[in-house]
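Chain letters run A, B, ... following the sequence lines, proteins first and then strands; every chain starts at 1. Please read all numbers here as calculations on a predicted model, not as lab measurements. Atom set for the values below is all heavy atoms of this structure, side chains included, hydrogens, waters and symmetry mates excluded.
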Amino acid sequence: DYDLIVIGGGSGGLACSKEAATLGKKVMVLDYVVPTPLGTSWGLGGTCVNVGCIPKKLMHQAALLGQALQDSRKYGWQYEEQVKHNWEVMVEAIQNYIGSLNWGYRVSLREKSVTYLNSYGEFIEPHKIKATNRKGQVTYHTAETFVLATGERPRYLGIPGDKEYCITSDDLFSLPYCPGKTLVVGASYVALECAGFLAGLGLDVTVMVRSILLRGFDQEMAEKVGAHMETHGVKFIRKFVPVQASASFRLKVTAKSTEGPEIFEEEYNTVLIAVGRDACTRSIGLETIGVKINEKNGKVPVNDEEQTNVPYVYAIGDILDGKLELTPVAIQAGKLLARRLYGGSSTKCDYINVPTTVFTPLEYGSCGLAEERAIEEYGKQNLEVYHSLFWPLEWTVPGRDNNTCYAKIICSKHDNNRVIGFHVLGPNAGEITQGFAAAIKCGLTKELLDETIGIHPTCGEVFTTMDITKSSGQDITQRGC
Amino acid sequence: MGKTHSSLLISVSTRLNDQACENVQERAEWHYTDFVLSPEDGGSDGKALACGPAQCFIVSCETQPEGWRHPSFTGPAGGTAAATGKNEYDLLVIGGGSGGLACAKEAAQFGRKVAVLDYVEPSPQGTKWGLGGTCVNVGCIPKKLMHQAALLGSALKDAQHYGWNIAQPVHHTWSVMAQAVQNYVKSLNWGHRVQLQDKKVKYFNLKGSFSDSHTIRGLTKAGKETIVTAENIVIATGGRPKYPTHVAGALEYGITSDDLFWLKESPGKTLVVGASYVSLECAGFLTGIGLDTTVMMRSIPLRGFDQQMASLVTEHMESYGTKFLKRCFPTTVEKLENNRLQVTWKNTDLGTEETDSFDTVMWAVGRAPDTETLNLETVGVKTNSETGKIIVDASEATSVPHIYAVGDITEGRPELTPTAIAAGKLLAQRLFGQSSELMDYDNVPTTVFTPLEYGCVGLSEEAAVQCYGSDNIEVYHAYYKPLEFTVAERDASQCYMKMVCLREREQRILGLHFIGPNAGEVIQGFALGIKCGATYPQLMKTIGIHPTCAEEITKLHITKRSGLDATVTGC
């Protein structure tokens with residue numbers, strides 16, 4: 001029936017289907033959100049728009065504005081002392097915006113003549129899927145090519161009471177009531193971002209961490225992110241894992257130490273689980289048509305053209321094995337895939353040097369290698385690490401967090417001091433990192449950084465004047481301009 | 001009690017008498033292992049100032065560091081401890097601004113004997129400030145902090161959309177902001193003093209002029225003379241705001257950016273004359289903190305900048321509440337009986353004369369170099385007769401051997417702090433460090449901190465058209481909406497970006513222009529890319545960071561030539 005059927009209407013799936021349609025193909029997209037155990041569900045657009053980047057950054061912004069309110073008094077603004085945050089107002093505003101995005105996606109699919117089906121798709125035979133809608137009505141569709149873009153959903157703990165009493169990020173952003181005293185389980189970026197903005201809105205927040213913060217990220221940076229959160233009121237319980245959640249008046253969580261017999265018990269209004277995400281690949285009939293998945297994590301291995309072991313089935317986005325779980329990566333991969341399939345292009349998606357930002361209260365932007373990874377790959381003696389603390393000008397007047405923001409670049413000594421890792425911890429880290437990522441793409445070296453003139457007074461300019469190496473052990477606290 | 005700091009610079013007001021100075025010295029010896037007393041003209045009347053490595057504090061009867069007790073710091077104007085007599089230096093820098101200090105400190109790193117002369121001639125309204133030059137005292141720093149105050153005003157409005165309940169009314173108090181900004185600036189002044197001290201650069205609070213090509217005659221405020229001789233001399237005295245001399249009452253009643261940041265009370269209803277970035281930035285933050293603000297401009301805004309961007313900037317300011325009197329120029333300023341200022345101007349469009357009264361009139365009609373008092377003609381340092389700026393070659397050398405110039409005083413250079421710093425450093429490296437590296441003035445990024453910020457690097461569209469012809473350039477552009485604006489229900493009509501590229505296959509990027517929040521942070525990294533010779537396809541291969549404003553740059557795909565709608569929709 002179709003040239004292309006895309007299963008999953010998230011960032012990657014939509015980008016791929018729209019691009020294919022632009023190239024004149026007959027395209028169908030299937031999207032279906034299985035409600036969470038608490039019954040939360042949402043519209044077209046996938047994780048990013050509904051339960052990811054968009055609501056998360058808006059809530060982060062709400063928290064930053066809370067900080068801005070405190071700062072504003074130091075800058076001469078005067079108003080009544082008592083300022084309270086109203087969760088419902090925020091959620092309604094954010095959900096309204098998301099609603100407009102859902103609608104926007106529907107419109108743009110229609111404009112591009114992509115057939116949209118709000119149904120659950122599963123393979124029943126080669127080139128053929130069964131689509132089941134909310135009412136249980138079934139239709140069948142065939143296509144020449146398929147793209148899997150079903151993404152991931154939050155993982156639960158597998159302990160008594162988790163699905164009954166706990167929520168995940170799938171529920172948090174549309175929660176109709178303020179979560180109150182909250183335990184966040186996990187130390188992923190999702191966990192830290194959520195804990196960060198909840199604390200920023202004035203809630204009592206505790207993060208329970210089994211082992212390390214922000215696995216996969218530069219650990220020096222990760223620890224600094226955590227330290228900043230701790231100084232701003234987030235409590236951390238390290239090396240504990242929950243064993244049970246039960247409800248009395250409030251929610252009671254029991255946790256045990258990962259190192260000894262110690263038991264921790266505490267009551268919360270909300271428990272948010274953020275211990276990772278699982279690919280939605282186990283119930284879409286992949287075994288029927290022979291698409292292999294990595295049994296351990298459910299992810300789909302693909303070649304460098306996003307092709308699975310079954311030639312007419314491709315996969316993009318969060319379900320890819322060993323690739324990055326980021327919206328812009330999925331979009332890029334989806335677009336380029338469509339262009340290769342239907343536009344005669346040969347450009348492949350480049351998964352190297354992809355920049356990203358963690359929107360914790362102190363934002364963390366990075367591109368390229370973590371210091372640990374760089375040492376593994378290049379050897380410590382072949383690297384030079386330049387670093388500097390900095391104090392954003394805007395923070396001087398409110399006198400906050402001096403020598404907390406941090407910049408670090410990792411250079412390969414024997415390759416012209418090429419920059420192989422870029423890390424920044426500070427306000428607007430995302431905005432800062434983007435341009436540097438472009439420069440890294442163009443072969444950025446330390447020499448070029450030194451030759452570039454800074455924009456004064458910004459945070460980004462710190463990278464143009466870095467002259468202290470980590471190996472020198474010199475003091476990096478900053479004074480003056 | 002043990003000695004608390006290992007290194008300390010103690011600045012003593014020149015208005016202290018000798019006995020008071022001795023008392024300070026005695027106390028300092030008691031508490032500190034290593035310190036220097038230094039005379040200071042700055043506004044520290046009747047007080048000694050002390051600056052430690054970690055903090056700065058004013059020593060007076062009211063505020064004393066812990067453990068510091070002193071009987072009396074008040075006294076009549078007395079002697080100065082300034083060194084007198086002849087000095088031999090490897091390098092003497094005239095002007096302690098960004099460029100001068102950077103050059104001096106760098107030279108000192110090479111083990112050279114270096115001195116810096118700095119002297120702030122009070123503004124016609126009597127405003128003066130400490131070490132550090134324009135940027136620190138009356139430029140970038142206070143400007144961006146007041147801009148931040150204005151942004152926080154918008155944040156207060158946004159916050160309500162994000163669920164924060166703020167009881168009305170909300171007021172802004174100028175004096176609270178000004179005090180906080182001024183305190184921070186003062187701490188930077190001291191930071192600079194400490195750095196000079198740490199790097200063993202001799203600092204003279206003197207006004208310098210040339211006696212001969214190796215000799216500078218320095219004068220204190222009181223007229224006391226010091227002669228300083230040096231092998232090499234760097235002129236870095238910067239520029240000061242211009243007054244329109246032909247406008248009656250301008251000098252008498254008007255202020256400039258030299259005064260604005262040091263006002264103790266709110267300027268009230270303000271007329272800002274000029275369309276430079278200084279004018280628009282000041283008018284922007286004054287509007288943002290709730291003042292009735294008008295910009296009067298004779299011709300185009302932000303001359304030299306991309307004009308499409310410039311008009312978006314002013315268009316946004318208009319919607320933000322700044323009033324504009326376009327194609328108007330002032331003729332007189334008079335003081336009314338109620339102390340307000342009555343300004344009369346000509347409207348060149350209508351050919352009419354109009355008038356209104358203001359609390360403050362600020363001139364932002366350009367800046368002029370501070371070369372007159374330097375006595376340059378004596379030594380033969382050539383200046384541009386029109387601009388008064390010093391003519392330098394690619395190595396910052398003037399027409400006289402061993403005399404150099406950096407920063408705003410040099411002809412044809414961008415008037416920017418980071419360029420002055422880089423030029424000063426490189427100059428010192430060439431003079432003393434066996435370097436031959438020249439300063440590269442191409443592709444210098446900059447940002448105008450108007451309410452909606454405008455950052456750019458490389459060529460404006462006009463300049464690109466002029467250099468390459470409109471058939472040979474491709475302009476990619478987009479109107480975008482910052483995510484944070486959505487919930488806040490803010491208008492994003494002027495959030496716009498464009499990339500000017502060559503049209504040929506490779507599509508090298510010639511210029512990048514961005515209007516929106518955090519424009520400075522956004523542009524900085526891209527400036528590097530452009531320095532690396534980035535091409536349009538390379539930028540398109542860069543993956544975005546979601547959700548940011550900067551990611552829109554990596555997604556630019558609509559050309560101006562196509563005439564297609566450039567509004568970004570969805571993610």
_Checking W77(A) against I166(B) for the side chain to side chain contact (heavy atoms under 4.5 Å, CB included) test, could you report, in this order, the C-alpha distance in whole Å, the side-chain angles of both residues, the deciding distance, and whether it holds?_
CA-CA 12 Å; W77(A) 292 99; I166(B) 299 162; over 6 Å; no
*Determine, stepwise, if the pair Y75(A) / L151(B) fulfils side chain to side chain contact (heavy atoms under 4.5 Å, CB included).*
CA-CA 10 Å; Y75(A) 277 93; L151(B) 291 184; over 6 Å; no
Considering only heavy atoms, which portion of [X] lies under 4.5 Å from any heavy atom of chain A: side chain, backbone, both, or neither?
X: P547(B); value: both
X: M146(B); value: neither
X: E437(B); value: side chain
X: H171(B); value: both
X: I289(B); value: both
X: T446(B); value: backbone
X: Y441(B); value: neither
X: T554(B); value: side chain

*asked:* Taking side-chain contact (heavy atoms from CB on, under 4.5 Å) as the definition, give me every residue that meets it alongside K157(B), ordered by chain and number, with sequence neighbours left out.
replied: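 For K157(B), no residue satisfies side-chain contact (heavy atoms from CB on, under 4.5 Å) once neighbours in sequence are set aside.
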_Worked verdict on V176(B) versus Q78(A) for side chain to side chain contact (heavy atoms under 4.5 Å, CB included)_ = CA-CA 10 Å; V176(B) 172; Q78(A) 287 166 342; 4.1 Å; yes
_Show, in sequence, the C-alpha distance, side-chain angles and deciding distance for N518(B) and N428(A), and conclude whether the side chain to side chain donor-acceptor pair (under 3.5 Å) test is met._
CA-CA 8 Å; N518(B) 303 302; N428(A) 303 304; 3.0 Å; yes
*Between I553(B), L483(B), V522(B), which residue shows the highest count of heavy-atom pairs closer than 4.5 Å to chain A?*
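Answer, by heavy-atom pair count under 4.5 Å with chain A: L483(B).
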_Identified side chain to side chain contact (heavy atoms under 4.5 Å, CB included) counterpart of I455(A) within the set I523(B), T417(B), V457(B)_ =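 Single side chain to side chain contact (heavy atoms under 4.5 Å, CB included) partner of I455(A) among I523(B), T417(B), V457(B): I523(B).
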*Take K74(A) and M177(B) through the side chain to side chain contact (heavy atoms under 4.5 Å, CB included) test and state the conclusion after the steps.*
CA-CA 7 Å; K74(A) 301 280 175 52; M177(B) 170 186 74; over 6 Å; no
